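Below, chain A is the first sequence line, B the second, and so on; all start at residue 1. All values below come from the heavy atoms of this structure, side chains included, with hydrogens, waters and symmetry mates left out. Fair warning: this is a prediction, and the values are worked out from it, not measured in the lab.
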Amino acid sequence: MSVVTRFPPSPTGFMHVGNARTALFNYLYARRHGGKFLVRIEDTDRKRHSEEAVQVIFEGLEWMGLEYDGEALSQFAGMGRHAEVAHEMLKAGKAYYCYCSPEELEAMRETAKAEGRSQFYDRRWRDRDPSEAPQDIKPVVRIKAPLEGETTINDVVQGAVTVAHDQLDDFILLRSDGTPTYMLSVVVDDHDMGVTHILRGDDHLNNSFRQKLIFDAMGWTLPVFGHLPLIHGPDGGKFSKRHGAQSVREYKELGYLPEAFCNYLLRLGWSHGDDEIISREQAIEWFDLEHIGRSPARFDFAKLDSLNAHYIKEARPERLLECSREFYKERHGLELSDIAVERITLGIEELKARSKTLLQFVDESAFYARSIPYAFDEKALALLGESKAILAALEDELESLEPFTGESIQNLCQKIAGDLAEGKLGKVAMPLRAAVTGTTVSPSIFGACAVLGRKETCARIRFAVQQGK
RNA sequence: GUCCCCUUCGUCUAGAGGCCUAGGACACGUCCCUUUCACGGACGCGACACGGGUUCGAAUCCCGUAGGGGACGCCA
């Protein structure tokens, strides 16, 4: 039997990290077994549906590199078929019309709550004669859930889970306007699409029992279920806005590489021995259901950072620059010129080694992309003010330094430090850094000057000396 | 409230009765490197929720307790 998995997001306007992981696992499992990974947009609720929200999902999948098979389906499009199934169940006596008014339902809900029961509908229309139906109420269609016994589902993640039938209510299949509910639609779609494995969030575990009722009523084979524990925020509570980033798009905007994000998500709830760095190829080869954890995990940005730092180091310069382009613009108003690209590429090894995120990479390499005049931060300005003589001497010597390399520049600074600063290299290097980069934090300043070249370095020093207070 | 699920270092986890004086990664601490901030290197700190069983032997199996999470819609 060939594997078919699916990712069924509802278009809420963003893609939650939990959904992202669900998508990843489904993708990996399908690829691992040479099966199909399908996407279905759960858009039956038209009030909450919008095209932009759907786009956000595709954007997220694309960024993560999760290619799906065939066309993404719209659940909305299958509503007619879903309703048909409900009517079949009606005909087969496995469902019935219920004429309760919202007020009646509300009253039942109150009573049930007071009595501590989890289901509230008292099945008053289950065996009632349709001739008693009120004329002014449009009925809903409810399933006839079993009254006695229990059902066990062998969840591949959670193990055998048993629920007593008195916990299952006669839930609604068709709303009073004739449209199918989610519970019906998923089952029909999953069956029609030939889905063999359903990997989804833990919050659906209880729904599985209801869905099994429909599968059974229609005589359809039940897919394999696997319920993944939820992802919690760093404080162990629900993952919310205050934790930083809930949606996939935000991670991109925070300067994370998709491979780092996916690697992190993969290890959150799944393991392969002691392996931490796992490439996409490796993940496809290794992924299995047996090693999915059963307990919820907290999201840890520090670990994501370290993974991101790793993948930044591995990334090719062109790719890094490509992913960073928009950040130079957004954060520094810089459009990367050819010369900027050339300089950054020359200094990239050190830049990569220092960066945990693309944002940091961009901030620390921005000085390469700038040209005179540029601004200095406060600390840099102060340094310039007290080091004019040193900078002037340095500039003078730099004009004729041969060769113009990181090493020779360092030696020169050493010499000037000996002459003018009691041998303290920092007294020369720091002002030079302030002059050339406009800040007090940067990669190795000698190497940076070599990358900039003699002409640019000297020009920057002259410019800086004029700015110093 | 009712039902379901979960519980190994601060965090993610390895572990499927003896290989465990419990391993790895991130974080943290100390030291080294050093022109800044980092990177890197070395070393270190640090956990089987609790209580009962079962067994020659339990992190691993069973039962309770506590704690955490989830579900209880004409939402998905």
Are there any protein N/O atoms within less than 3.5 Å of an N/O atom in nucleotides 21-26 of chain B, and if so, which ones and at what distance?
residue: B:G23; atom: N2; partner: A:Asp274; partner atom: OD1; Å: 2.8
residue: B:G24; atom: N2; partner: A:Glu276; partner atom: OE2; Å: 2.7
residue: B:A25; atom: N3; partner: A:Lys303; partner atom: NZ; Å: 3.0
residue: B:C26; atom: O2'; partner: A:Lys303; partner atom: N; Å: 3.4

Legend entry - Base-pairing mate for B:U65 - Watson-Crick or G-U, with both contacts under 3.5 Å: B:A49
Legend entry - Shortest side-chain distance from A:Gln158, nucleotide among B:C3, B:A76, B:C6: B:C6
Inset, instruction - Could you go through the side chain to side chain donor-acceptor pair (under 3.5 Å) check for A:His165 and A:Thr151 one step at a time? - result: CA-CA 7 Å; A:His165 286 162; A:Thr151 292; 2.5 Å; yes
Inset, instruction - Can you sort out the partners of A:Val56 under side chain to side chain contact (heavy atoms under 4.5 Å, CB included), two or more places apart, ordered by chain and number? - result: A:Arg249
Inset, instruction - Go through B:G69, B:A76, B:U35 for me and flag the one nearest to the A:Arg175 side chain. - result: B:A76
Inset, instruction - Ignoring the backbone of A:Val161, work out which of B:C5, B:U36, B:C3 is nearest its side chain. - result: B:C5
Inset, instruction - Taking A:Arg142 for its side chain and A:Leu173 for its backbone only, find out whether a donor-acceptor pair lies under 3.5 Å. - result: no
Legend entry - Rounded C1' spacing from B:A42 to B:C50 in Å: 39 Å
Inset, instruction - Kindly say if A:Arg109 contacts the phosphate of B:G73, meaning a side-chain N or O under 4.0 Å from OP1 or OP2. - result: yes
Inset, instruction - Please confirm whether any donor atom in the side chain of A:Ser176 sits under 3.5 Å from an acceptor in the base of B:C74, or the reverse. - result: yes
Legend entry - Residue A:Glu42, side-chain atoms from C-beta onward, closest of B:A38, B:C5, B:A76: B:A76
Inset, instruction - Nearest-nucleotide wise, let me know which of A:Leu105 and A:Ala160 is further upstream toward the 5' end of RNA chain B. - result: A:Ala160
Inset, instruction - Report yes if a side-chain nitrogen or oxygen of A:Arg21 is closer than 4.0 Å to either non-bridging phosphate oxygen (OP1 or OP2) of B:C12; otherwise report no. - result: no
Inset, instruction - Report yes if at least one side-chain N or O of A:Thr44 is closer than 4.0 Å to OP1 or OP2 of B:A76; otherwise report no. - result: yes
Legend entry - Nearest to side-chain heavy atoms of A:Ala297, which nucleotide of B:C12, B:C39, B:U7: B:C12
Legend entry - Whole angstrom value for the distance that separates C1' of B:U34 from CZ of A:Phe446: 11 Å
Legend entry - Nucleotide nearest A:Val140 (side chain, heavy atoms from C-beta), chosen from B:A71, B:C37, B:C74: B:C74
Inset, instruction - Count the heavy atoms belonging to other residues, nucleotides or ligands that lie under 6.0 Å from NZ of A:Lys313, then report whether that count exceeds 12. - result: yes
Inset, instruction - Under 4.0 Å between any heavy atoms, over every strand shown, what does A:Pro443 touch: base, sugar-phosphate, or nothing? Just pick one. - result: base
Legend entry - Among B:G73, B:U2, B:U36, the one nearest A:Gln167 by side-chain distance: B:U2
Inset, instruction - Test A:Tyr368 against every option in A:Thr437, A:Thr345, A:Leu351 by the side chain to side chain contact (heavy atoms under 4.5 Å, CB included) rule and name the one that passes. - result: A:Leu351
Inset, instruction - For nucleotides B:G40 and B:U34, find the distance between their C1' atoms and express it as a whole number of Å. - result: 11 Å
Inset, instruction - Report yes if a side-chain nitrogen or oxygen of A:Lys356 is closer than 4.0 Å to either non-bridging phosphate oxygen (OP1 or OP2) of B:C39; otherwise report no. - result: yes
Legend entry - Distance, P atom - from B:C63 to B:U7, rounded to whole angstrom: 14 Å
Inset, instruction - Ignoring backbone atoms, establish whether A:Ser271 has a side-chain N or O less than 4.0 Å from OP1 or OP2 of B:A14. - result: yes
Legend entry - Closest nucleotide among B:C39, B:U35, B:A71 to the A:Asp203 side chain: B:A71
Legend entry - A:Tyr251 side chain near A:Leu257 side chain, heavy-atom distance below 4.5 Å: no
Legend entry - Sidechain-backbone polar pair: A:Glu350 side chain, A:Ser444 backbone, donor-acceptor under 3.5 Å: yes
Legend entry - Integer angstrom distance from the P of B:A58 to that of B:G17: 14 Å
Inset, instruction - Check every atom of B:U11, B:A76, B:C39 against the side chain of A:Arg298 and return the nucleotide holding the closest atom. - result: B:U11
Inset, instruction - For nucleotides B:C26 and B:U35, find the distance between their P atoms and express it as a whole number of Å. - result: 27 Å
Inset, instruction - Determine whether any donor atom in the side chain of A:Thr439 lies under 3.5 Å from an acceptor atom in the base of B:U36, or the reverse, and answer yes or no. - result: no
